[in-house]
Chemist: 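So that we are looking at the same thing, I have put the structure below in structure tokens.
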Amino acid sequence: MRMRKKKWAAGELIENPRILRDAEDYKGRMTEIFTNNRPIHLEIGCGKGRFISETSRRNPDINYIAMEREAVILAAASRKARESKANALIFLLADVKDIKEYFKAGDISRLYINFCDPWPTKKKRARRRLTHEGFLQLYESLKIPELFFKTDNRILFEASIESFSRQKWLVQNVSLDLHKSDMKDNIMTEYEEKFSPHGPIYRLEAYPPNSHMIL
């Protein structure tokens with residue numbers, strides 16, 4: 001997601017207490033940030049923050065971290081969380097490729113990927129997709145037991161299922177038109193609300209080999 005520069009963003013990045021500073025110092029100790037031992041759910045690419053703020057509000061027994069690489073977007077998302085009085089939710093300005101600089105194996109109990117860049121134009125760019133095998137291997141190395149994925153791009157969705165299959169991940173609860181399904185607790189992102197009238201939303205849940213053996 002691209003966003004125009006906001007005059008207030010710099011101040012938000014400095015003053016918002018939900019934005020984690022010196023995050024590398026907490027590697028393997030993320031529970032210390034929340035001062036509890038509740039599970040940590042991570043969203044990669046939080047957009048303007050509606051999804052993660054509302055998810056946090058509805059689930060006070062879970063700790064949430066939103067990782068975003070674009071500073072202006074992170075500022076907008078963290079401001080929304082502050083205004084909506086979300087529960088245990090913090091924000092991390094970082095790129096997913098550096099995720100192991102912040103988390104150790106076992107830290108993350110669930111991963112959310114919502115409407116990531118599909119990289120559809122050139123085949124060689126497919127490796128940049130957050131559901132490409134290279135990223136799936138990265139998530140496996142962190143022992144993330146489950147991944148929830150949404151997109152409005154059918155090409156990306158089909159390619160993602162192929163990636164999960166090649167990595168021997170178990171895929172469940174697949175929806176080819178989420179908003180016409182019987183799912184009752186879907187929380188929409190800003191992007192989802194804007195573009196869902198123009199076509200279906202695809203969703204699935206995926207589990208890496210070491211975790212789906214015990215489902």
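Just the heavy atoms: all of them, side chains too, but no hydrogens, waters or symmetry mates, feed the values below. Numbers for residues simply follow the sequence, beginning at 1. Computed from a predicted model, the values in this text were never measured in an experiment.
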Chemist: Not counting sequence neighbours, which residues clear ring-ring contact (aromatic ring centres under 6.0 Å, His included) with Phe157? List them please.
Modeler: Tyr202

Chemist: Is there side-chain contact between Arg203 and Leu176, with heavy atoms separated by less than 4.5 Å?
Modeler: no

Chemist: Are any non-hydrogen side-chain atoms of Phe91 and Leu13 less than 4.5 angstrom apart?
Modeler: no

Chemist: Is the backbone N or O of Cys46 less than 3.5 Å from a side-chain atom of Glu68, with the two atoms forming a donor-acceptor pair by type?
Modeler: yes

Chemist: Going by the rule side chain to side chain donor-acceptor pair (under 3.5 Å), which residues pair with Arg58 if we only count those two or more places apart in sequence or in a different chain?
Modeler: Glu54

Chemist: Find the distance between SG (Cys116) and NZ (Lys150) and round it off to the nearest 0.5 Å.
Modeler: 12.5 Å

Chemist: Take Leu204 and Ser175 through the side chain to side chain contact (heavy atoms under 4.5 Å, CB included) test and state the conclusion after the steps.
Modeler: CA-CA 6 Å; Leu204 60 77; Ser175 177; over 6 Å; no

Chemist: Under 4.5 Å between any side-chain heavy atoms of Ser160 and Arg129, yes or no?
Modeler: no

Chemist: Is any side-chain heavy atom of Phe115 closer than 4.5 Å to a side-chain heavy atom of Ile201?
Modeler: yes

Chemist: Considering all heavy atoms of both residues, which atom of Ala105 and which atom of Ser141 are nearest to each other, and what is their separation?
Modeler: CB-O, 3.8 Å

Chemist: Just by distance, no angles: are the side chains of Asn36 and Asn63 close enough, under 3.5 Å, to form a donor-acceptor pair?
Modeler: yes

Chemist: With no hydrogens and no angle check, is any side-chain donor or acceptor of Asn153 less than 3.5 Å from a backbone partner on Ile155?
Modeler: yes

Chemist: For atom OH of Tyr26, decide whether the heavy atoms of other residues, nucleotides or ligands shown that lie under 6.0 angstrom number more than 12.
Modeler: no

Chemist: Please tell me if the side chains of Glu190 and Lys80 come closer than 4.5 Å, counting only heavy atoms from C-beta onward.
Modeler: yes

Chemist: To the nearest 0.5 Å, what is the distance between CE on Met67 and CD1 on Ile52?
Modeler: 12.0 Å

Chemist: State the CG-CD distance between Asn37 and Glu32, to the nearest 0.5 angstrom.
Modeler: 10.0 Å

Chemist: When rounded to the nearest 0.5 angstrom, what is the spacing between CE in Met188 and CG in Asn186?
Modeler: 7.0 Å

Chemist: Minimum heavy-atom separation for Gly47 to Ala77, with atom names?
Modeler: O-CB, 3.5 Å

Chemist: Side chains of Phe103 and Leu42: does their closest heavy-atom pair fall under 4.5 Å?
Modeler: yes

Chemist: For Leu156 and Thr131, which heavy atoms make the closest approach, and how far apart are they?
Modeler: CD1-OG1, 4.0 Å

Chemist: Given side chains that start at C-beta, do those of Ile99 and Ile108 come closer than 4.5 Å, heavy atoms only?
Modeler: yes

Chemist: Does one hydrophobic cluster hold both Ile44 and Ile33, with members joined at side-chain heavy-atom distances below 4.5 Å?
Modeler: yes

Chemist: Using a distance-only test with no angle check, is there a side-chain donor-acceptor pair under 3.5 angstrom linking Asn114 and Glu192?
Modeler: no

Chemist: Would you say Ser181's side chain and Leu178's backbone share a donor-acceptor pair under 3.5 angstrom?
Modeler: yes

Chemist: Answer yes or no: are there more than 12 heavy-atom neighbours, outside Arg127 itself, under 6.0 Å from its atom CZ?
Modeler: no

Chemist: Under the ring-ring contact (aromatic ring centres under 6.0 Å, His included) test, which residues partner Phe164, sequence neighbours left out?
Modeler: Trp169

Chemist: Ignoring hydrogens, what is the shortest heavy-atom contact between Ile19 and Ser78? Give both atom names and the distance.
Modeler: CD1-OG, 3.5 Å

Chemist: I'd like to know if Lys27 and Glu101 make a salt bridge, using a cut-off of under 4.0 Å between side-chain N and carboxylate O.
Modeler: no

Chemist: With clusters defined by side-chain heavy atoms of hydrophobic residues (ILVMFWY) lying less than 4.5 Å apart, directly or transitively, does Leu111 cluster with Val171?
Modeler: yes

Chemist: How long is the gap from NZ on Lys97 to CZ on Arg128, to the nearest 0.5 Å?
Modeler: 11.5 Å

Chemist: Quick check on the hydrophobic clustering: are Leu142 and Ile65 connected, directly or via other members, by side-chain heavy-atom contacts under 4.5 Å?
Modeler: yes

Chemist: Is a side-chain donor or acceptor of Arg154 paired with a backbone partner of Pro200 at a separation under 3.5 angstrom?
Modeler: no

Chemist: Can Thr55 and Tyr112 be said to form a side chain to side chain contact (heavy atoms under 4.5 Å, CB included), step by step?
Modeler: CA-CA 11 Å; Thr55 301; Tyr112 291 104; 4.2 Å; yes

Chemist: Would one find more than 12 heavy atoms of other residues, nucleotides or ligands at under 6.0 Å from atom NZ of Lys104?
Modeler: yes

Chemist: Leu138 and Val96: which non-hydrogen atoms are nearest, and at how many Å?
Modeler: CD2-O, 3.8 Å

Chemist: Partners of Glu133 by side chain to side chain donor-acceptor pair (under 3.5 Å), sequence neighbours excluded?
Modeler: Ser163, Arg166

Chemist: Suppose we screen for ring-ring contact (aromatic ring centres under 6.0 Å, His included). Which residues come up paired with Tyr64, at least two apart in sequence or across chains?
Modeler: His41

Chemist: Is the closest basic N to carboxylate O distance between Glu12 and Arg82 below 4.0 Å?
Modeler: yes

Chemist: Considering non-hydrogen atoms only, spot the tightest contact between Pro145 and Ser109 and give its length.
Modeler: CG-O, 3.2 Å

Chemist: Would you say that Glu140 contacts Pro209 through its side chain, given a criterion of any heavy-atom pair below 4.5 Å between the two side chains?
Modeler: yes

Chemist: Determine whether the side chains of Gln137 and Tyr139 contain a donor N or O and an acceptor N or O closer than 3.5 Å.
Modeler: no

Chemist: Please enumerate all residues that pass side chain to side chain contact (heavy atoms under 4.5 Å, CB included) together with Phe195, with sequence neighbours excluded.
Modeler: Asp152, Tyr191, His198

Chemist: Out of curiosity, Tyr102 OH to Lys100 NZ, how far, rounded to the nearest 0.5 Å?
Modeler: 14.5 Å

Chemist: Can you see whether Trp119 has Arg125 sitting over its ring - NZ or CZ less than 6.0 Å from the centre and within 45° of the normal?
Modeler: no

